[in-house]
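What follows is a short report on a single structure.
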Amino acid sequence: MNKENKLTRLEIYWILYDVGNSAFVLLVATILPIYFNHLASTAGISEVDYLAYWGYAASVATVICALIGPVLGSIADTQNYKKPLFTACMMVGVVGCAALSVPTSWIIFLAVYVVAKVGFNASLIFYDSMLTDVTTENRLDTVSSCGYAWGYIGSCIPFVVSLVFVLMYESIGISFQTAMTIAFCLNAAWWLLVTLPLLKNYKQTHFVSAAEQSPQNKSGSGASGTQSGDSAQKNGSSVIRSSFTRLGHTFQEIFHQKKIFFYLLAFFFFIDGVYTIIDMATAYGSALGLDTTGLLLALLVTQIVAFPFALLFGRLSREFRTEQLIRFCIGAYTLIALFAIQLDRQWEFWLLAVCVGMFQGAIQALSRSYFAKIIPPEKSGEYFGIYDICGKGASFLGTFLVGLIAQLTGIANAGVAVLAVMFVIGFLLFSKAAKMQ
């Protein structure tokens, strides 16, 4: 039994990428909004506008990924394409993370942030779809949960070191700008280094058949050696064309496969709320005037709490149906969103952080593994590209609405009310999907 539950080397390497990219997630959720608040306030931007602009930037990044994600995912289903595409997007994120230390203008800072977040989000399309290559179907829930769990606790290492510089820069004898530079570069280096084992050892085992990759390529090796110099370019354009064709067929398939269709609709709504809370927690707390140090420490507690609870839900998935656990998590998040509407004290933010930590990793991990179970593994890239539209791509709606309602009403709390509605819709749609097939 022990051997069956023990992680394989490849599963561990896959999990390590969660450890690496989660450092960027934690940075975005904590230190980045505070630094942007510093740049914005220096430029005379009001607190409400600061919250709105941060939300708009997050929305732009996720809309870009929603547009390019399915196409990149479809191309990645071609044999030997997934790793290079994953590497390119990961490097855009890593370099973008380090480059955040350069701008001193708030608007240029937001532009760099959008580029870094696009790289990060795009890399997750390929990373999530790798799950079917690195493990077996009966271990999907466990390995996915371990990814989020170790991601949460592992990301605390560069975060705590960054926190020392950001909160104690005067005692250390450096400027705030230097402290932020160290934080950005440290997290970028961590992200890259822990990804190297996966880059070295991953091999794509599920991919579309050769006939599907180039259906027109049956006639023709009649050309002579002079054409061989153009073969790579022709092959590349053929892959892109066939990827668009496959993607169109996949959209048609999803519409007819009601279980997948309704699951993606449900996921759009409930995960939208989850990612909006992750993206805007610190910005929300800052806009309410809560203590910066308290906000950072509370969100560190979220990471620490998320670690055992993600593992716990991975274990529970062996005893309970995944559908039951996802419904339970959505219900818990609905209550969290309702509580956040009236939040105006530091201790309430701490309580909120603990509650979010209990369910954050679980709902993300179980949603990912549940989707991996109901899709064809050889098309995991394009399916997860569409999944990304309904996930991180959809989170533009939550961040946009929170920012818009805050600006229209002049009350930061008012924007959070929309999240509770999204969770309720997600719960109802998921319950319908779970009953199908």
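All figures in this text were calculated on a predicted structure; none of them were measured in a lab. Heads up: numbering here begins at 1 and tracks the sequence.
Of all heavy-atom pairs spanning Tyr383 and Gln257, the tightest one is OH-OE1, 3.7 Å. Closest approach of Phe309 to Gly357, counting heavy atoms only: CB-O, 4.2 Å. When all heavy atoms of Ala353 and Thr302 are compared, the closest pair comes out as O-OG1, 3.0 Å. Of all heavy-atom pairs spanning Ser145 and Gly314, the tightest one is OG-CA, 3.4 Å. Pro103 approaches Val112 most closely through the heavy-atom pair CG-CG2, 3.9 Å.
No donor-acceptor distance shorter than 3.5 angstrom exists from the side chain of Ser22 to the backbone of Val19, with no hydrogens or angles considered. Judged by distance alone, the side chain of Asn201 and the main-chain N or O of Pro197 form a donor-acceptor pair under 3.5 Å. With hydrogens and angles ignored, the 3.5 Å screen pairs no side-chain donor or acceptor of Thr178 with any backbone N or O of Ile174.
Residues Tyr35 and Phe109 place their aromatic rings such that the two centres sit under 6.0 Å apart. Ring centers of Phe371 and Phe384: under 6.0 Å apart, within the cut-off. If you look at Phe126 and Tyr202, their ring centroids are not closer than 6.0 Å. When ring centroids are compared, Phe86 and Tyr17 come within the 6.0 Å threshold. Taking the six-membered ring wherever Trp is involved, the centroid distance between the rings of Trp150 and Phe307 falls below 6.0 Å.
Summarising the local packing, CD of Gln324 is surrounded by more than 12 heavy atoms from other residues, nucleotides or ligands at distances under 6.0 Å. Summarising the local packing, CD1 of Ile107 is surrounded by 12 or fewer heavy atoms from other residues, nucleotides or ligands at distances under 6.0 Å. Within a 6.0 Å sphere centred on CZ of Phe328, other residues, nucleotides and ligands contribute 12 heavy atoms or fewer. Enclosure of atom CZ in Phe176 by more than 12 non-hydrogen atoms of other residues, nucleotides or ligands within 6.0 angstrom is indicated.
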Q: Please test Lys82 against Asp133 for side chain to side chain contact (heavy atoms under 4.5 Å, CB included), starting from the C-alpha separation and ending with a verdict.
A: CA-CA 11 Å; Lys82 190 170 289 182; Asp133 291 329; 3.9 Å; yes
Q: Test side chain to side chain contact (heavy atoms under 4.5 Å, CB included) on Tyr53 and Ile45 and set out the steps.
A: CA-CA 10 Å; Tyr53 293 146; Ile45 305 295; 3.9 Å; yes
Q.
Between Leu110 and Val114, does the side chain to side chain contact (heavy atoms under 4.5 Å, CB included) criterion hold? Intermediate values first, please.
A. CA-CA 6 Å; Leu110 280 186; Val114 167; 5.5 Å; no
Q: Would you sort out whether Ile374 and Lys259 count as a side chain to side chain contact (heavy atoms under 4.5 Å, CB included), showing the intermediate values?
A: CA-CA 8 Å; Ile374 63 175; Lys259 185 179 183 69; 4.0 Å; yes
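Defined by atom type and a distance below 3.5 Å, a donor-acceptor pair is present between the side-chain atoms of Gln303 and Ser155. A donor-acceptor pair shorter than 3.5 Å cannot be found between the side chains of Gln204 and Tyr81.
Glu323 pairs by the salt bridge (charged side-chain N to carboxylate O under 4.0 Å, His left out) definition with Arg321, not counting sequence neighbours. Listed by chain and residue number, Val115 satisfy the side chain to side chain contact (heavy atoms under 4.5 Å, CB included) test with Val92 (two or more places apart in sequence, or in another chain). Evaluation of the side chain to side chain contact (heavy atoms under 4.5 Å, CB included) rule for Thr132 yields His206, Ala372, Pro377, Ser380 as partners, not counting sequence neighbours. For Lys203, the salt bridge (charged side-chain N to carboxylate O under 4.0 Å, His left out) criterion is met by no residue, not counting sequence neighbours.
Evaluation of the salt bridge (charged side-chain N to carboxylate O under 4.0 Å, His left out) test over residues 10-21, restricted to residues two or more places apart or in two chains, returns Glu11-Arg139, Asp18-Arg368. Residues in residues 140-155 take part in these salt bridge (charged side-chain N to carboxylate O under 4.0 Å, His left out) pairs, two or more places apart or across chains: Asp141-Lys373.
A distance of 11.5 Å separates CD1 of Ile125 from OG of Ser74, quoted to the nearest 0.5 Å. With values rounded to the nearest 0.5 angstrom, Leu335 atom CG is found 9.0 Å from Cys355 atom SG. Atom CE of Met130 and atom CG of Leu10 lie 9.5 Å apart (nearest 0.5 Å).
For the pair Lys432 and Phe262, the distance from NZ or CZ to the six-membered ring centre is under 6.0 Å and the angle to the ring normal is within 45 degrees.
Ring geometry for Phe267 versus Phe270: interplanar angle over 60°, hence perpendicular rather than tilted (30 to 60°). Note on ring orientation: taking the six-membered ring where Trp is involved, the planes of Trp54 and Tyr113 are parallel (angle under 30°, cut-offs 30° and 60°).
Put simply, the side chain of Ser367 reaches to within 4.5 Å of the side chain of Ile363, judged on heavy atoms. Two residues are said to be in side-chain contact when any heavy atoms from C-beta on lie closer than 4.5 Å; Leu196 and Leu193 meet this criterion. The shortest distance between side-chain heavy atoms of Tyr370 and Tyr263 falls below 4.5 Å. For the pair Phe261/Leu265, a side-chain contact is recorded, criterion being any heavy-atom separation below 4.5 Å from C-beta on. Between Cys390 and Ile271, the closest side-chain pair of non-hydrogen atoms is not below 4.5 Å. Inter-residue side-chain proximity for Phe159 and Ile31 is flagged as met; some heavy-atom pair is nearer than 4.5 Å. In this structure, the side chains of Gln360 and Val305 stay at 4.5 Å or more apart for every pair of heavy atoms. No side-chain heavy atom of Ser105 sits less than 4.5 Å from a side-chain heavy atom of Leu39.
When the options Trp14, Tyr387, Phe120 are evaluated for a ring pair (Phe, Tyr, Trp, His ring centres under 6.0 Å) with Tyr127, the one that passes is Trp14. Put simply, the residue from Leu192, Asn187, Asn21 that forms a side-chain contact (heavy atoms from CB on, under 4.5 Å) with Val94 is Leu192.
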